[in-house]
Amino acid sequence: MKKTLLYSLAVLASITLASCNGDYDDWANPQANEQEAAAAQYGITFTPGSEAVSSMPNEDGIINLVHLNSTNDNVTGYTLRELKVNNEVIEGEINGNDIQVSAKDLEKFLCNNSNSRACKTYDLKVESKVSINLESGDVISINTAGETTGKLTTSPVPAIDENGYYMLGDLNGKSWDATDPQWMTKIADGVYQLKVTTEKEKNWFKFYEGSKYKYEDGDWTYIDSGALGCKENGCEDGSGYIYFNGDSWGKLQTMVIPGAGTWIVTLDMNNLTYSFAKPVLYMAGNANDWKQIDYLSSEDAVKYTGYMYLDGSGFKFCTQPNWDGTNYGGAFFGESEDNIIMTQPAGYYKVDIDLSEKKYELTPITTIGIIGDATVNGWSGDDINMNYVPYNKETKEGRYWEVKGITLKTGVIKFRANDDWAINWGGELDNLTSKGNPANIAVEEGKYDIKLYPWADGYAKCEMTKK
């Protein structure tokens, strides 16, 4: 009866206030102030949880990340509305007065954000948003999140093997021949690389620690103790994390390189990552501010092709996206200068390199245009020419061809150079190719802004923005 009377008086007071205060006209948006007042009224505080500073592996797999408290006896609990760690949403749950997270999920979240499985300590900025559950059964929302901090030290990982690493598998015609390991070359501290050839549709492989190479009487036991693999058996991802024996993330499995060809395989034991891809060279020169951001791709690691802007102030080709690998300058190609100094005018070029012959060829590209039955001119008419946007050293943007406000019909298009079919691009927009006779690109009717990045196979792409 007492509660009912109090509620009735509160309602009456609010009605009276609403009728008397004619000057107040912001009834459409009173919520924010009410919520902040509620937070203060119920004395809600957010403090680091008992395990906000933790190391992996965690004993029970659960981390008490945030502790909630209230000075009001009417508060019986909380409902988690949102949890962010380092500005990104993460799954969590309320247990009593604690906000808890899965230790493994938090570790993977941090590793994924840094692209590294290295054992290190991460600082945590934690933002929590909750609702308050009252003894009366009401729920009070809090509009502002409480902020706390924490630290997580990720799981220990294998030390870098002083004897290096090798590969076994369907590589270089060896078919898991443990008597002939394929040793990787150290290209930087903790980073190893190997050029391999494959012949099958699926080519299985693993990495192995060099200090555990011992093969006698067909016994793989010791070799397998140093095996390094991936998360899923038969994984064909071109890159991923390394899994090892006794890994808390799961059991190591065997990777697959899909298809025949030549590949560059990289193992980074600093971050416990691997990758494999078709061979690539990078061009760095005056035209791109001496950054390794222009590409030449290859199928055999001997002959490379790419498309880029060059000028007469010099450039080089590099095996790494920095200067740590092999760099091919003028001397390599029999020229007197350290850098390659072209005699042709500055402009856009198709660049062909043959490392075995120590030669390069530059084919001028004066125009790139759009052609197809989706254009106003069709297949037999003139190309719709695009404009080249050079690299801007200040904004770090450019290196593409563009046309704005082009009207297309439903149909297909292709891109081609010099109003001719000797060089043309087609296929998927995010993976264009210039090899052979690439597929037409299907488009829908509309007006578009189009950016074409011809670059090299494996890197070429197109952005079509419908207006």
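- You'll find the ring centres of Tyr165 and Phe207 outside the 6.0 Å limit.
- Using a distance-only test at 3.5 Å, with no hydrogens or angles considered, no donor-acceptor pair links the side chain of Asp383 to the main chain of Asp420.
- Neither side chain, Thr273 nor Asn271, offers a donor N or O lying under 3.5 Å from an acceptor on the other.
- Taking the six-membered ring where the residue is Trp, the centroids of Tyr208 and Tyr166 are separated by under 6.0 Å.
- Taking the ring axis of Trp249 as reference, the NZ or CZ atom of Lys108 stays within 45° of it and closer than 6.0 Å to the ring centre.
- Taken to the nearest 0.5 Å, the CH2 atom of Trp263 stands 6.5 Å off from the CD1 atom of Ile257.
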Applying side-chain contact (heavy atoms from CB on, under 4.5 Å) to Met308 and Trp455, what does each step give before you reach the verdict?
CA-CA 6 Å; Met308 62 202 68; Trp455 295 351; over 6 Å; no
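- With sequence neighbours excluded, no residue satisfies ring pair (Phe, Tyr, Trp, His ring centres under 6.0 Å) with Tyr222.
- Residues Trp421 and Ile371 share a closest heavy-atom pair of CH2-CG2, 3.6 Å.
- Between the side chain of Asp170 and the backbone N or O of Trp204, at least one donor-acceptor pair lies under 3.5 Å.
- Nearest approach of Pro258 to Phe276, heavy atoms of both residues: CD-CE1, 3.8 Å.
- One N or O on the side chain of Thr154 and one on the backbone of Ala118 form a donor-acceptor pair closer than 3.5 Å.
- For Lys359, the NZ atom is loosely surrounded, since the number of other residues' heavy atoms within 6.0 Å does not exceed 12.
- Between Leu83 atom CG and Leu65 atom CG the span is 6.5 Å, to the nearest 0.5 Å.
- Taking the ring axis of Tyr243 as reference, the NZ or CZ atom of Arg117 stays within 45° of it and closer than 6.0 Å to the ring centre.
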